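Notes follow the structure.
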Number of protein chains: 2
Amino acid sequence: MSRWEPDAEGRLGKAAITLFAEQGYDETTVAEIAEAAGLTKRTFFRYFSDKREVLFNGSHELAERWIGGIEAAPEDAGPMAAVSVGLDEVAELFADRHAFARLRSRIIAANPELQERELIKLQSLAGAIQAALVDRGVSVNAAILASQASVTVFHVAFAHWVEQDDPAALRRLMDESLEELRSVTAA
Amino acid sequence: MSRWEPDAEGRLGKAAITLFAEQGYDETTVAEIAEAAGLTKRTFFRYFSDKREVLFNGSHELAERWIGGIEAAPEDAGPMAAVSVGLDEVAELFADRHAFARLRSRIIAANPELQERELIKLQSLAGAIQAALVDRGVSVNAAILASQASVTVFHVAFAHWVEQDDPAALRRLMDESLEELRSVTAA
DNA sequence: GATCGAATGTCACTTGGTGTCATCACCCTA
DNA sequence: TAGGGTGATGACACCAAGTGACATTCGATC
């Protein structure tokens, strides 16, 4: 692709994570990140629409995996069952990224701006799931609620996952979260 | 309070909403808002931590009302039942603000930055509800899920409310949303 | 009416973010 | 192999959000 040093985007992402972890998000300027990657501020903004976005690159892949799982679910499965098939894919995706996920989570946890961005990414994920459910014949209202609920379940489980030490625990934590939601709403 | 023209904060808020509605959020600068209110940019940032915040002033009142309802719920009510009592209070709070809520919603809907801020406000609302539930003796996990679910229910119902024409429909829409969530998660 | 404190103004500055144009490295083709 | 095309990068100027430091203004109070 590029004719200079390869993978400008990857270098920028790596430099950003490193600097954020070392000295904090607010204390790191875009100019610094670019310089650490041997590029300029202008180039940073060609790859990332804003400074936060560099931490949310993977969200598209997450959505694709999850949606793929939903589409592959048996036709007669209900909305939550279909969503749960998607969670299998998601758990697999994160299987070897526990350390990275923890680092990234800590950075985000330390900064409200980043939490805002994370929430809107989850919201857009919920929107995609909703559409996938509607495609399966689920009613719009049910799809809204089911997608919101499942994203909440994922979010809660993911937060637990990064704060404990077993990289393989994600799927189990998601199931526990789902079960808890069931018992709470049933009451 | 103030010794100049009274209610600087109120004037800033009013000027902001008006300008945002007229010419859009991005196209309105803080300096413009301040000038319209007969103040300066610096004073704007003394009342509002950033430009978005001027649209989210009421969120504290919403949380207080909802929490008040939860605390007033019968001791033996389950988490979702207690939350639902809070929704009565919330519905009352918005009874005479339908037009304003619609205007504000349209502004927010037109701007992703503002949607981010809205989501984090809802998240903080969920956190407050969670704490109120824990105070009632609900387990932490159940409180997390119940608060998240109830905020989702509120969000969905509110979105419907501002897009239809009956200002008195909020409580009914919230109940419908809640029922939908029950039936979806039960499956 | 001197003084005090809270609210507001002034000013300079940093940083995120953008528009525009120049430049560079490579590829293709004559 | 010279030259032109093309997409990635750099250079530079600029705007607007947000902040820190200090000055000013008004009203209250003694």
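Chain letters run A, B, ... following the sequence lines, proteins first, then strands; residues in each count from 1. Every heavy atom of this structure was used, including side-chain atoms; hydrogens, water molecules and symmetry mates were not. Just so it is clear, the model here is predicted, and its values are computed rather than measured.
Residue Y47(B) has a polar side-chain atom (N or O) positioned under 4.0 Å from OP1 or OP2 of dT8(C). In this structure, T43(B) reaches the dG9(C) phosphate: one of its side-chain N or O atoms is under 4.0 Å from OP1 or OP2.
Summarising the geometry, the separation between CZ on F48(A) and P on dA8(D) is reported as 15 Å, rounded to the nearest angstrom. Between the CD1 atom of I33(A) and the P atom of dG17(C) there is a distance of 10 Å, given to the nearest Å. With rounding to whole Å, L39(A) atom CG is found 15 Å from dG7(D) atom C1'. Regarding E9(B), its CD atom lies at a distance of 10 Å from the P atom of dT8(C), rounded to whole Å.
Between E92(A) and R171(A) there is no side-chain heavy-atom pair separated by less than 4.5 Å. Between E176(A) and E179(A) there is no side-chain heavy-atom pair separated by less than 4.5 Å.
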Which side-chain N or O atoms in residues 66-82 of chain A pair as donor and acceptor under 3.5 Å with protein atoms at least two apart or in another chain?
| residue | atom | partner | partner atom | Å |
| --- | --- | --- | --- | --- |
| W66(A) | NE1 | V83(A) | O | 3.2 |

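For D165(A) and R102(A), the salt-bridge test passes: some basic side-chain N is under 4.0 Å from an acidic carboxylate O. Using a cut-off of 4.0 Å between Lys/Arg side-chain N and Asp/Glu carboxylate O, R52(B) and E118(B) are scored as not salt-bridged.
Annotation: side chain to side chain donor-acceptor pair (under 3.5 Å) contacts involving residues 133-155 of chain A, sequence neighbours excluded, are absent.
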Which nucleotides of nucleotides 11-18 of chain D have their base under 4.0 Å from a protein heavy atom (B), which only their sugar-phosphate (S), and which neither (-), written as one string 5' to 3'? BB----BB
